[in-house]
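See below for the structure under consideration.
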Amino acid sequence: MKAPRVRFAPSPTGYLHIGGARTALFNWLYARRHGGTFVLRIEDTDTERSSDEMIAAILHGMRWLCLDWDEGPDVGGPYGPYLQSARRERHLAAAQRLLETGAAYHCYCPPELLQQKRATAEAAGGGWMYDRTCRRLSADERAALDAAGRPRVVRFAVPDDADTAFDDWVHGRISVPAASIEDFVLVRSDGTPTYQLSVVADDIDMAITHVVRGDDHVSNTPKQILLYRALGAPVPVFAHVPLILGPDRKRLSKRHGATSVGEYEAQGYLPEAMVNFLALLGWSPGAGDQELFTRDELVAKFTLEGISGGNAVFNPEKLDWFNQQHMMRLAPAELVRRVAGRLEAAGLWRDDYDQGWLERVIVLLAPRARRLDDLVPQFRTFAVDLVERDPAAVAKHLGDEMGRAHLAALRERLAAADAFDAATLEPLVRGLAEERGVKAGVLIHAARVAVTGQTVSPGIFEVLELVGRDRVLRRIDDALAGAA
RNA sequence: GUCCCCAUCGUCCAGAGGUCAGGACGCGGCCCUUUCAAGGCCGAGACUCGGGUUCGAUUCCCGAUGGGGACGCCA
């Protein structure tokens, strides 16, 4: 098989959202799986709503997810330009060819009239399609209209016997009656090409072999197939990816919460987790129970046929789980690198942190965090000198004379310990508990509240070691003084 | 309204003409244990309905119902 050429063609009228990211991912996976080419084309022809800021945001989101493109607006390529707005002349040339072969015609119907007809039809309870008034115009009538300088659009002349069936790689055979397709506009009265014309012209020019896009485009596909044929170009393979829905089964949108990948990046999700989660949302590798995949594993297993036909509801809890799993699997040094900026932003960073110590602390914290952000407050215990103590926790474990006496005894023992590592400390604490005739938990809970200020923390012996003897003793003294 | 797509646990996916209908998230319990996580084990939880085809359908076909999408001189 010839190496496929696929493309992701976002319109920069908003940030890269979850659905778009997944479409991009599927395209990317397919290209990488088959040694093909992944093209990024920016469909910025809606000049009103497009912006450079959004282009930058989309590129940023793609890079964050590590979906690298082989051809695109920034890197160029043999089929450029990759900004759709810069390809206008080609689109119009295609329209001209269609006009010449009679596959398209000029329409002079004023928009207001069409709007009115549409409104009337809708009021009567039905949909409306262009009634082809201008398709029936004689040459003389056209000449007269042109002479009068009447504004005109170019419409595609949908053949009555048009066969629009195609074999979608996700859905199988899809066919639409030609009668339900209207003579759609190719060129606006201001002379600019419409989306239907632009995509097809560009996909032909860019030699795209597989069009992988959202399900919301299936209804455009028959029109586009007609265009491919009229332009004498081979029809690519289509694969329509189902949409991502919110919990209410409506198309995922702002009101469902965070929808742009940038927001997830900001909240401390890992791109590895996002890719894994998105890949499995609507796609399955088939046999096997594996859920956690690396990028390379996904590339090795990906098939368009494995995409399921039904829409999928976005499940944030599962994303959280994936994120936690991927955090735990990251190499310690890498996890530290990922969280460093957040620690710094929280004022918890110091350049003289010992790398080994940092890694141990972060690894200790990772199984207790869902997002990178969760590591920050937890890290605080290890970063500061003295901690604030939760009054309820103090009351519970250091509230009486006995508790404080135990803590004071523990302090002396810790101060005298030969070494200050978990392996040394654990028997020491347990031994003291036995001497004093209490369960080890009593001392452990007291130590935890004194040292961390909380009733929950990672294993106390690791905490003691990583906080370090000096600070542990100071915190205990502080707790003793405060509780008295 | 018209056209198109979809239909297995709450959610995301497996699944085969005859299966104890499988896994994951979440939920409940137990274990581990110094708390919280992580981890391990166990559990509750689904084939939308009605017709066919068939010895036998959750699986194949048709219909209904439900959900989604598209019906712009937006993309």
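Below, read A as the first sequence line, B as the second, and so on, with proteins coming before strands; counting in each chain starts at 1.
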Answer with yes or no after comparing the ring centroid distance for A/His210 and A/Tyr30 against a 6.0 Å cut-off, counting only values under it.
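Yes: the rings meet the under 6.0 Å criterion.
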
Less than 6.0 Å separating the ring centroids of A/Phe26 and A/Phe8?
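Ring-ring flag for A/Phe26/A/Phe8: false, centres at least 6.0 Å apart.
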
Which atoms of nucleotides 35-37 of chain B (N or O only) lie under 3.5 Å from a protein N or O atom, and what are those distances?
| unit_1 | atom_1 | unit_2 | atom_2 | d |
| --- | --- | --- | --- | --- |
| B/rU35 | O2' | A/Thr455 | O | 3.4 |
| B/rU35 | O2 | A/Ser457 | N | 2.8 |
| B/rU35 | O2 | A/Ser457 | O | 3.0 |
| B/rU35 | N3 | A/Arg448 | NH2 | 3.2 |
| B/rU35 | N3 | A/Ser457 | O | 2.4 |
| B/rU35 | O4 | A/Gly459 | N | 3.1 |
| B/rC36 | O2 | A/Arg368 | NE | 2.6 |
| B/rC36 | N3 | A/Arg368 | NE | 3.3 |
| B/rC36 | N3 | A/Arg368 | NH2 | 2.9 |
| B/rA37 | O2' | A/Pro367 | O | 2.1 |
| B/rA37 | O2' | A/Arg368 | N | 3.4 |

Which heavy atom of A/Ile58 sits nearest to which heavy atom of A/Gly14, and what is that distance?
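Closest heavy-atom pair between A/Ile58 and A/Gly14: CD1-O, 3.8 Å.
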
Hey, mind stepping through A/Phe302 and A/Trp283 against ring pair (Phe, Tyr, Trp, His ring centres under 6.0 Å) and telling me if it holds?
CA-CA 9 Å; A/Phe302 188 75; A/Trp283 172 78; 5.4 Å; yes

Flag this pair as yes if the NZ/CZ of A/Arg155 is under 6.0 angstrom from the six-membered ring centre of A/Tyr130 and inside a 45 degree cone about the axis; otherwise no.
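Yes; both conditions hold, so A/Arg155 lies above the ring face of A/Tyr130.
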
Under 30°, 30 to 60°, or over 60°: which ring-plane class applies to A/His397 and A/His445, parallel, tilted or perpendicular?
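Correct class here is parallel.
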
Phosphate OP1/OP2 of B/rG68 contacted by A/Lys250 side-chain N/O (<4.0 Å):
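True: A/Lys250 side-chain N/O within range (under 4.0 Å) of B/rG68 OP1/OP2.
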
Is any side-chain N or O of A/His171 closer than 4.0 Å to OP1 or OP2 of B/rC6?
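Yes, because at least one side-chain N or O of A/His171 sits under 4.0 Å from OP1 or OP2 of B/rC6.
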
Name the pairs: protein N/O against N/O of nucleotides 57-66 of chain B, kept only if under 3.5 Å.
none

Minimum side-chain heavy-atom gap A/Glu297-A/Thr294 below 4.5 Å:
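A/Glu297 vs A/Thr294: side chains touch.
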
Close N or O pairs between protein and nucleotides 71-73 of chain B (under 3.5 Å):
| unit_1 | atom_1 | unit_2 | atom_2 | d |
| --- | --- | --- | --- | --- |
| B/rG72 | OP2 | A/Arg118 | NE | 3.2 |
| B/rC73 | O3' | A/Arg188 | NE | 3.1 |
| B/rC73 | O2 | A/Ser189 | N | 3.0 |
| B/rC73 | O2 | A/Ser189 | OG | 2.9 |
| B/rC73 | N3 | A/Ser189 | OG | 3.1 |
| B/rC73 | N4 | A/Cys109 | O | 3.4 |

